[in-house]
Amino acid sequence: METQPNNPLHGVTLEKIINDLVTYYGWEYMGYTIKIKCFTENPSVKSSLTFLRKTPWARAKVENMYLNMLKKGR
């Protein structure tokens, strides 16, 4: 497997991304920022993983939110 030094998402699982975002922002802020049901109605990591794996546009938004979190110096 090739290394990707310029890709901060390389090797980071979607589950870790969600868990880190929930810890940093919380479900309420995430649901406010990215308007998807899995963040606003009975949010859970499991439901989020299921939805985001099937929905590329939503996953891209979550990944961008994660990258912005990393830029803030988490």
Side-chain angles (χ1 to χ4, degrees):
M1 186 184 296
E2 291 182 37
T3 59
Q4 297 182 13
N6 295 327
N7 183 358
L9 295 176
H10 182 71
V12 180
T13 65
L14 185 55
E15 184 173 6
K16 178 173 175 25
I17 290 172
I18 293 170
N19 284 324
D20 287 353
L21 288 172
V22 170
T23 301
Y24 190 78
Y25 292 116
W27 289 114
E28 188 174 339
Y29 179 81
M30 290 171 61
Y32 176 78
T33 306
I34 303 172
K35 304 214 182 322
I36 51 179
K37 268 186 167 181
C38 64
F39 290 169
T40 59
E41 295 180 21
N42 297 322
S44 72
V45 173
K46 184 178 178 182
S47 68
S48 299
L49 287 172
T50 301
F51 179 76
L52 294 172
R53 286 180 178 141
K54 296 178 183 178
T55 317
W57 65 265
R59 182 177 182 148
K61 287 186 176 199
V62 169
E63 288 174 346
N64 283 332
M65 180 185 263
Y66 182 73
L67 291 173
N68 288 332
M69 180 190 77
L70 293 177
K71 285 180 187 174
K72 289 180 182 178
R74 183 173 178 233

Task: Worked verdict on Tyr66 versus Val12 for side-chain contact (heavy atoms from CB on, under 4.5 Å) - done: CA-CA 11 Å; Tyr66 182 73; Val12 180; 3.9 Å; yes
Task: Worked verdict on Tyr24 versus Asp20 for side-chain contact (heavy atoms from CB on, under 4.5 Å) - done: CA-CA 6 Å; Tyr24 190 78; Asp20 287 353; over 6 Å; no
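Rounding to the nearest 0.5 angstrom, the gap separating the CG atom in Leu70 from the CE atom in Met65 is 12.5 Å. Atom OG1 of residue Thr40 and atom CD of residue Glu28 lie 11.0 Å apart, to the nearest 0.5 angstrom. Here the CG atom belonging to Leu9 is positioned 10.0 Å from the CG atom belonging to Leu14, to the nearest 0.5 angstrom. If you take OG on Ser48 and CG on Leu21, they are separated by 10.0 Å, rounding to the nearest 0.5 Å.
Residues passing the side chain to side chain donor-acceptor pair (under 3.5 Å) test with Ser47 are Ser44, sequence neighbours excluded. Shown here are the side-chain contact (heavy atoms from CB on, under 4.5 Å) partners of Asn64, two or more places apart in sequence or in another chain: Leu67.
The number of heavy-atom neighbours closer than 6.0 Å to CG of Asn68, taken from other residues, nucleotides and ligands shown, is above 12.
Residues in residues 31-50 take part in these ring-ring contact (aromatic ring centres under 6.0 Å, His included) pairs, two or more places apart or across chains: Trp27-Phe39. Within the structure, the salt bridge (charged side-chain N to carboxylate O under 4.0 Å, His left out) test picks out no pair touching residues 31-44 (sequence neighbours left out).
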Under 3.5 Å, which donor-acceptor pairs do the side chains of residues 49-61 form with other protein atoms, sequence neighbours left out?
unit_1	atom_1	unit_2	atom_2	d
Thr50	OG1	Lys46	O	3.0
Thr55	OG1	Phe51	O	2.8
Arg59	NE	Glu63	OE2	3.0

